[in-house]
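Please read the structure below before turning to the comments.
All values below were derived from every heavy atom in this structure, side-chain atoms included, with hydrogens, water molecules and symmetry-related copies excluded.
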Amino acid sequence: MFGLEALDLARIQFAFTISFHIIFPAITIGLASYLAVLEGLWLKTGRTVYRDLYHFWVKIFAVNFGMGVVSGLVMAYQFGTNWSAFSDFAGSVTGPLLAYEVLTAFFLEAGFLGVMLFGWNRVGPGLHFFSTVMVAVGTLISTFWILASNSWMQTPQGFEIVDGRVIPVDWFAVVFNPSFPYRLAHMATAAFLATAFFVGASAAWHLLRGRDTPAMRKMFSMALWMALLVAPIQAVIGDFHGLNTLEHQPAKIAAIEGHWDNSSGEPTPLILFGWPDMQREETRFKIEVPYLGSLILTHSLDKQVPALKEFAKEDRPNSTIVFWSFRVMVAMGLLMILAGVWSLWLRWRGSLYQSRPFLYFCLWMGPSGLIAILAGWFTTEIGRQPWVVYGIMRTADGVSAHSAAQLGLTLVLFVVVYFAVFGAGFGYVMRLVRKGPVTGEGDHTDDGGPGTRHTPARPLSAPKEGLHDGDHGDAAASGRA
């Protein structure tokens, strides 16, 4: 298929499925915590704006959660179908870690998700809030185990190789491997930021169309406080993560920097832009800042950063891809910081909700968090090549014995099915976003919350038009009978 070998197609197929999958958990992680905050604020203050926002975003959360579960199942099967040699070699480590995720996070989420989605009129406020918190905790526990497994593949430790298979000898060392704390913090923070800009863009869309309600203002304000406070923290986490990568995966850093040669003995410049050419072993058309590469990566003005020519050709990651994917991620991060600072200035001026240039900027920034996450994962995974377990097992040795024709056919089928199924899901989410929250100020007399009647939280109830809250409650009651 297009001259690609079976290994290339297996990698493309996994990259395609995981790129689709990571979008849904990222939004789910952020929305779960956001919903817990909203319900907690409503219980504390009694302000209906928090309740209305909860009922709006819980529908979108439910759809994302469902699509995340479905797309995640496909990835799990691929370990056996396309990467059976890897599973045979390292399954004694990766298998239990994924099982722990199911036993802890997934069971916790599944156990309380029903109460969270359908228990608003069935249980008391304390139990419902506890259920929302447990679902949020479950998403973070899931992140913990998934990142532990992937981080072990990046910086493996706590194992022995016996008869050609990995045998864990220290589970604490396996889980808390050198890159794990940094990657866990980086991913969790990225999920919160991606959700914040998704929420902020939704509010900006409605504000630009004249729907200047307390709910829209609250959505917009909370999202931008998150950007102001968390985006700079993410930059600091990224710096620590970079130092850790320099220590444990120097070839990845050399590829990210597009840095080829240290023969001059000079401190390493930072190449802002250029085109790393893997054949010519140089970065063409480069624009660089002297000393800055050494300053950022070694925190000194005289140390050098590892160069690609220090590694054998067969051990070098594809610098052309990771050089640019890393810069896309950083660009999105800088724009997030700009959005936070700009919002603070507009708050001070009292024009946060009226500045149309800023509203349009936030609208276009809606997908920025997801773009940054995808670019970051491309940098991480392609930068690890040619290793599937860094320094231990090459990717070429982990693939199953399938032909290029077989993998090409399944790749085409994946593309068609994914765009059809998840495209429909994405369209439905956008329909919910365009509808916006149903505000309750002055319209309700019996919407006290859990234990009383209210618009159901079921996601498929959202698009119905022309129904009063009482009608929704009656329909929900008759449907559940």
Practice task
For the pair E282 and K309, find out whether any cationic side-chain nitrogen is under 4.0 Å from an anionic carboxylate oxygen.
Solution key: no
Problem - Donor-acceptor under 3.5 Å (S403 side chain, Q406 main chain) - result: yes
Problem - Aromatic ring proximity, centroids under 6.0 angstrom, W83 and Y77 - result: no
Problem - Under 3.5 Å: donor-acceptor pair, side chain of K252, backbone of T380 - result: yes
Handout entry: Closest non-hydrogen atom pair between L35 and V58, with its separation
Key = CD2-N, 3.7 Å
Problem - Any donor-acceptor N/O pair, S33 side chain to A136 backbone, under 3.5 Å - result: no
Completion exercise
In short, A396 meets V399 closest at the heavy-atom pair O-CG1, 3.6 Å
Exercise for the section: Can you see which heavy atom on R327 is nearest to which on I256, and at what distance? Expected result: NH1-O, 2.9 Å
Practice task
Compare every heavy atom of Y50 with every heavy atom of L41, then report the nearest pair and how far apart it is.
Solution key: CD1-CE2, 3.6 Å
Handout entry: Non-hydrogen atoms of T132 and M116 that approach each other most closely
Key = OG1-CG, 3.9 Å
Exercise for the section: Answer yes or no: does atom CZ of F422 have more than 12 heavy-atom neighbours from other residues, nucleotides or ligands under 6.0 Å? Expected result: yes
Handout entry: Neighbour count above 12 (heavy atom, 6.0 Å) for W364 CH2
Key = no
Exercise for the section: Verify, without hydrogens or angle tests, whether W324 (side chain) and G274 (backbone) share a donor-acceptor contact under 3.5 angstrom. Expected result: yes
Problem - Check: D302 main-chain N/O paired with S294 side-chain donor or acceptor under 3.5 Å - result: no
Identify all side-chain donor-acceptor contacts of residues 227-238 below 3.5 Å with residues at least two apart in sequence or on another chain.
unit_1	atom_1	unit_2	atom_2	d
Q234	OE1	H186	ND1	3.1
Q234	NE2	H186	O	3.0

Practice task
State whether the side chain of S71 and the backbone N or O of G68 hold a donor-acceptor pair below 3.5 Å, judged by distance alone.
Solution key: yes
Exercise for the section: Count the heavy atoms of every other residue, nucleotide or ligand shown that sit under 6.0 Å from CZ of F273, and state whether that count exceeds 12. Expected result: no
Handout entry: More than 12 heavy atoms from other groups under 6.0 Å of CZ on F426
Key = no
Problem - Test log, rule side-chain hydrogen bond (donor to acceptor under 3.5 Å, both in side chains), inputs E310 and N262 - result: CA-CA 9 Å; E310 297 175 10; N262 276 329; 2.8 Å; yes
Exercise for the section: Taking atom types as modelled, find out whether W145 and T104 have a side-chain donor-acceptor pair closer than 3.5 angstrom. Expected result: yes
Completion exercise
In terms of heavy-atom contacts, L308 and S319 come closest through CD1-CB, 3.9 Å
Handout entry: Donor-acceptor contact present, side-chain T155 to main-chain W152, <3.5 Å
Key = no
Problem - Charged tip of R284 within 45° of W275 ring normal and under 6.0 Å - result: no
Practice task
Mark yes when over 12 heavy atoms from residues, nucleotides or ligands other than F176 sit less than 6.0 Å from its CZ; otherwise mark no.
Solution key: yes
Practice task
To the nearest 0.5 angstrom, please state how far the CD1 atom of I27 sits from the OG1 atom of T139.
Solution key: 12.0 Å
Fill in the blank from the handout: Paired with R183, the side chain to side chain donor-acceptor pair (under 3.5 Å) test is passed by just one of T245, N150, N177, namely N150
Handout entry: CD/E314: more than 12 non-hydrogen atoms of other groups inside 6.0 Å
Key = yes
Handout entry: Identified ring-ring contact (aromatic ring centres under 6.0 Å, His included) partner of H55 from the options F61, W42, W120
Key = W120
Practice task
Would you indicate whether the side-chain heavy atoms of F180 and Q154 approach each other to under 4.5 Å?
Solution key: no
